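Residue numbering restarts at 1 for every chain, and letters A, B, ... go by the order of the sequence lines. The structure displayed is predicted, hence computed values, not measured ones.
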There are 2 protein chains.
Amino acid sequence: METKKQPDAVDDILAQWKRERPDLDASPMGPIGRVRRCAALLQRRLDETFAEFGMTSWEFDVLATLRRAGAPHCLAPTALFSALMITSGTMTHRLQRLEASGWVARHPNPNDARSMLVQLTDAGLALINRAVEAHVENEHRILAPIEAGDLAVLNEYLAMLLGVLEVREE
Amino acid sequence: METKKQPDAVDDILAQWKRERPDLDASPMGPIGRVRRCAALLQRRLDETFAEFGMTSWEFDVLATLRRAGAPHCLAPTALFSALMITSGTMTHRLQRLEASGWVARHPNPNDARSMLVQLTDAGLALINRAVEAHVENEHRILAPIEAGDLAVLNEYLAMLLGVLEVREE
DNA sequence: GCTGTTTATCTTGAAGTCAAGATAATTGAG
DNA sequence: CTCAATTATCTTGACTTCAAGATAAACAGC
């Protein structure tokens, strides 16, 4: 492979900094900028599929977390907002919306009166089961242009980066 | 290298889906989930440095875009919100805040009365010059645990992914 | 020149998010 | 048992964002 890759949006930014601040070694902006920009573009692509099910990204995230937990698809709010990296206040708000939509129900926890148990309703379970199928198909489609071997290498190096970033969060 | 990598948060999610929905090939969730999670964790790390300068992430983004453009550090709002992937309404709001902080000034465009020209003030220029130095140092620190060779491979594969994602956005 | 279309920006209203604090139940040390 | 510290959730208020529409200037074809 001898052909030079097309410059992307991050290459442009690096060239600008090189011209304006040649004293700086801005090279880490390459991988970091690309991770951030990939995440932003991926979000748009994923949202398209969620919209087909009348869901937003955060609604999918909460329902999927409950679904993944397995029967009886029941978790405490603390478990949910920890898994989703959001605050407790945001979780309260999300659960109110999801309860109003009829996709989750909240029950008192018999073992701890401070805590609630959030459970997928039948409608919520049916919805997330269908939505996750479409979501996975969509992800396959998004990555389809990448060869299996390249994808494996990409995944391996992303795991390395994630490992480096996660140690800090003990 | 024979030691198995520690499982990360994404491995856990993949294992849950494997158990709950063995009919799905959820493998694309590996790279896609890792990109998204890396971006979220990176955001936190970058915000720490911005906070040292009394800035938020979006304030840094706007000032840095003006700074990168070179003297006279002057761009139209349209150029700014296009570069930053945000809406025009959001840009209006950001510019009001930045003008109130004294970091940018808005002048009428002599060539087009519909459009404004947004310019870094002296204070804004001094701030972003210092902030970007700290930001680049911070990015070096974040990636320091990764060997130069590995980082180059990571960057190359991220560029490939970004290329695949950007073609869609023509 | 007119006039309809396009372009650039701003306004409005509805969401979603967080930080900080309030409330209430549980736990643990004595 | 009692009370201080901890834990789980919810409330409040401020901020950021977007989508949709309003306003005004510039342009293009006649």
Spacing between [X] atom [atom1] and [N] atom [atom2], to the nearest angstrom:
| X | N | atom1 | atom2 | value |
| --- | --- | --- | --- | --- |
| A:L80 | D:dC10 | CG | P | 11 Å |
| B:L84 | D:dC18 | CG | C1' | 15 Å |
| B:F81 | C:dA8 | CZ | C1' | 7 Å |
| A:Q43 | D:dT17 | CD | P | 15 Å |

Partners of B:E133 by side-chain hydrogen bond (donor to acceptor under 3.5 Å, both in side chains), sequence neighbours excluded?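 By the side-chain hydrogen bond (donor to acceptor under 3.5 Å, both in side chains) rule, B:E133 matches A:R21.
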Ring pair (Phe, Tyr, Trp, His ring centres under 6.0 Å): pairs with one or both residues in residues 119-146 of chain B, sequence neighbours excluded: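 Residue pairs with at least one partner in residues 119-146 of chain B: B:F50-B:H135, B:F60-B:H135.
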Please check if the number of heavy atoms outside B:E147 that lie under 6.0 Å from its CD is greater than 12.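 Atom CD in B:E147 is not crowded, with 12 or fewer foreign heavy atoms closer than 6.0 Å.
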Could you check whether B:N109 gets within reach of a base, just the sugar-phosphate, or nothing at all, counting any heavy atom under 4.0 Å?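 The residue B:N109 makes no contact with any strand.
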Assign a letter to each nucleotide of nucleotides 14-24 of chain C from its 5' end: B, base within under 4.0 Å of a protein heavy atom; S, sugar-phosphate only; -, no contact. -SSBBS-----
Most 5' of A:S115 and A:Q96 on DNA chain D, judged by nearest nucleotide: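 Upstream on the strand: A:S115.
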One thing to verify: whether B:D8 and B:R34 come together as a salt bridge, which I'm taking to mean a side-chain N less than 4.0 angstrom from a carboxylate O.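 The answer is yes: the pair qualifies as a salt bridge.
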Here's a test for you: under side chain to side chain contact (heavy atoms under 4.5 Å, CB included), which of B:L66, B:L127, B:L98 qualifies with B:L120?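 Exactly one option meets the side chain to side chain contact (heavy atoms under 4.5 Å, CB included) with B:L120, and it is B:L66.
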Please tell me whether A:R67 and B:Q16 have a donor and an acceptor in their side chains that are separated by less than 3.5 angstrom.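 Side chains of A:R67 and B:Q16: no pair found under 3.5 Å.
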Of the nucleotides C:dA8, D:dC10, C:dC10, which has the atom closest to the A:T92 side chain?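 Taking heavy atoms from C-beta onward, the closest nucleotide is D:dC10.
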